[in-house]
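Note sheet for the following structure.
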There are 2 protein chains.
Amino acid sequence: MTEIEKTLEAHQVRPTAMRILIYKYMAEKEVAVALTDIESAFSKSDRSTLYRTLKTFEENGIAHQIDDGTGISKYALCESGCNCELDQDLHLHFHCSNCDETVCLTAHKIPHINLPYGYLAENANLVVKGICEKCSSE
Amino acid sequence: MTEIEKTLEAHQVRPTAMRILIYKYMAEKEVAVALTDIESAFSKSDRSTLYRTLKTFEENGIAHQIDDGTGISKYALCESGCNCELDQDLHLHFHCSNCDETVCLTAHKIPHINLPYGYLAENANLVVKGICEKCSSE
DNA sequence: AGAATAAATGCACTTCTGTTGCATTAAAAA
DNA sequence: TTTTTAATGCAACAGAAGTGCATTTATTCT
Ligand SMILES: [Mn+2]
Ligand SMILES: [Mn+2]
Ligand SMILES: [Zn+2]
Ligand SMILES: [Zn+2]
């Protein structure tokens, strides 16, 4: 049993062929992926299957959804030990306006925000837009 | 000439009847509005007109678009003297998971974020989700 | 004012993303 | 092996965003 299979099973997700492939695909990419990316990469498979795979990953804490402001949902694998569901791994995301790629900056947590009286924070999303490392060094 | 007409003209936007009505509508609401909200409020007018009005407001610095993570674009009037276009009025937004309303917290600016070497920040979006003042006091 | 010009509006239609119902296939349990 | 459950594929639908073009309304020019 491979590492990936173990990871999936550890999150109560059956390690089907497709799921293993998608997990591998996401692990190899260093950027967040959209459904359309996966669609192009696995054109033989149906969009709904790929869609549901991402949702399954998300619901079981294998990946987290990223709203980078482009209007297109992206997904990235969670780091081992991350607790997205519990809103505890609130790292920020960076979206490059040049290459349109989005990355997790897992080392950069969202700072605590003081809210006006009466407001109760449960979650937060911080997206910084600009030029990514790759694009700025060209 | 009313205050609203003056404001519109100051931003090089012709004060048509529809635009004045929409501006008034947005000014009276204390929360960000979606296109669908305006559609319901002005059912006699066409969606594309309302859509283009919001875009015009946005392009001319009268209103700013808000991505609150719901997947539906919201808009709010800019405060006088705000410079959204220049990415200088980076206040945060609060989205209530109970009443689904989004508000500008214009007094709460987005804190400066240190990025890894090579990353160049141009803009930022911070949305805090939770329970709003109105909902928490019920 | 009246003609010419430009802008705003209304209508219809398209695209894109996300989402779901249901039949079929594959896997797991009994 | 039979029964049961889960995953996949197919075919739609929904909602939001966006656009081309004709028509109406407003502005400019003579
Ligand atoms: Mn992330
Ligand atoms: Mn705002
Ligand atoms: Zn880039
Ligand atoms: Zn609320």
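Below, chain A is the first sequence line, B the second, and so on; all start at residue 1.
Nearer the 5' end of DNA chain D, as judged by each residue's closest nucleotide, is the contact made by A:V13, out of B:P15 and A:V13.
Partners of A:Y25 under the ring-ring contact (aromatic ring centres under 6.0 Å, His included) rule, at least two apart in sequence or in another chain, are A:F42. Under the side-chain contact (heavy atoms from CB on, under 4.5 Å) criterion, B:P15 pairs with B:E5, B:L8, B:E9, B:I20, not counting sequence neighbours. For A:Y75, the ring-ring contact (aromatic ring centres under 6.0 Å, His included) test picks out no residue, with sequence neighbours left out.
Chain A approaches DNA chain C over the interval C:dT17 to C:dA28, counting the first and last nucleotide 5' to 3' with an atom under 4.0 Å from its heavy atoms.
The closest side-chain heavy-atom distance from B:Y23 to B:I62 is below 4.5 Å. Looking at B:L50 and B:I22, their side chains come closer than 4.5 Å, going by heavy atoms from C-beta outward.
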Under 4.0 Å protein heavy-atom contact, by nucleotide of nucleotides 8-19 of chain D - B base, S sugar-phosphate only
SBB-B---SBBB
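Screening B:K134, B:K29, B:K74 against B:E101 for a side-chain hydrogen bond (donor to acceptor under 3.5 Å, both in side chains) leaves a single residue, B:K134.
For the contact set between residues 23-34 of chain A and DNA chain D, defined by any heavy atom under 4.0 Å, there are no members.
Taking CZ of B:R47 as the reference point, atom OG1 of B:T36 lies at 10.5 Å (rounded to 0.5 Å).
Formation of a donor-acceptor pair under 3.5 Å by the B:T53 side chain with backbone atoms of B:R19 is not found in this model.
Annotation: A:H91 is in aromatic contact with A:H93 [ring centroid separation under 6.0 Å].
The distance between atom CG of B:L8 and atom C1' of D:dA26, rounded to the nearest whole Å, is 16 Å.
Taking every heavy atom of both residues into account, B:S136 and B:I131 meet most closely at N-CG2, 3.6 Å.
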